[in-house]
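Here's the structure we're looking at; comments come further down.
Start at 1 and go down the list; that is how both ligands and their atoms are numbered. Starting from 1, each residue takes its place in the sequence as its number. This is a predicted model, so every value here is computed, not measured.
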Amino acid sequence: MHLELISFKICPFVQRAVITLLEKKIDFDINYIDLKHPPDWFLEISPFGKVPVLRVDDKVLFESAIIVEYLDEISPPSLHPSDPFRKAENRAWIEFGSNINVEQYSMLIAKDQTAFEEKFQALRKDLQRLEQQLGAGPYFNGEQFSLVDAAYAPPLMRFNLIERYYDFKLFENCPKSTAWQKTLLSRESVQHSVVQEFETLFTSAIRDAGGYAAQWFLE
Ligand SMILES: N[C@@H](CCC(=O)N[C@@H](CS)C(=O)NCC(=O)O)C(=O)O
């Protein structure tokens, strides 16, 4: 079976699939495309026109959460908890993580200060809610790394990066999230889940978007 992940170098949804592939030690090829100029072949196979798309031989899967579930099923043992309620709850929090990806990006490209503040407050509220959900750690479910960790590592990596440029204080009074972020960022699969030039690409994207936050990412 041949797996090819159609990707974009700074996409957090792609990154959760890459982390899962690395955790599971599954062989795969990665094919980066330019989302500003998506090739015709990509638009033909991606129903939403979005990455990631996983080609499995001559078949195609889309939507990161679905791709990750598929990868988990073809390579036991599962990275989900076995208890059905806990598993469903993890899936719900993965969905919450998808929303955090969207909120993070919206904040970073918000056009003016008012829009930025609004996005910032929404994000902070969600991060505080997430904090309440965390237990003793070190991972979301305790001792074992799971798919919910793979879903949050990408936004937590980006928060860590942007706070090195400007102290947004997003995690003020969130000690559990801060510890979780540190644990995830030190994990090998997470460290190898982005390209070497990730920081340059990500900060350039914020700068090029020309929003209120761009001022903190000037060259
Ligand atoms: N719900 C999708 C979201 C994926 C997504 O938003 N991908 C972005 C890049 S990070 C994309 O491909 N955007 C292209 C577009 O919207 O045209 C998933 O989980 O796979």
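- Near ligand 1, heavy-atom contacts under 4.0 Å come from C11, P12, F13, L35, G49, K50, V51, P52, E63, S64.
- A single hydrophobic cluster is not seen to contain both V14 and Y105; linkage of ILVMFWY side chains at heavy-atom distances under 4.5 Å, directly or through other members, places them apart.
- A side-chain donor from one of R16 and S98 sits under 3.5 Å from a side-chain acceptor of the other.
- A distance-only check finds a donor-acceptor pair linking the side chain of E131 to the backbone of K176 [under 3.5 Å].
- When W216, F202, F116 are each tested for a side-chain contact (heavy atoms from CB on, under 4.5 Å) with L108, only one passes: F202.
- In summary, D167 and K169 engage in a salt bridge, as defined by a charged side-chain N under 4.0 Å from a carboxylate O.
- Ring geometry for Y139 against F145 counts as perpendicular: the plane angle is over 60°, on a 0 to 90° scale with 30° as the lower cut.
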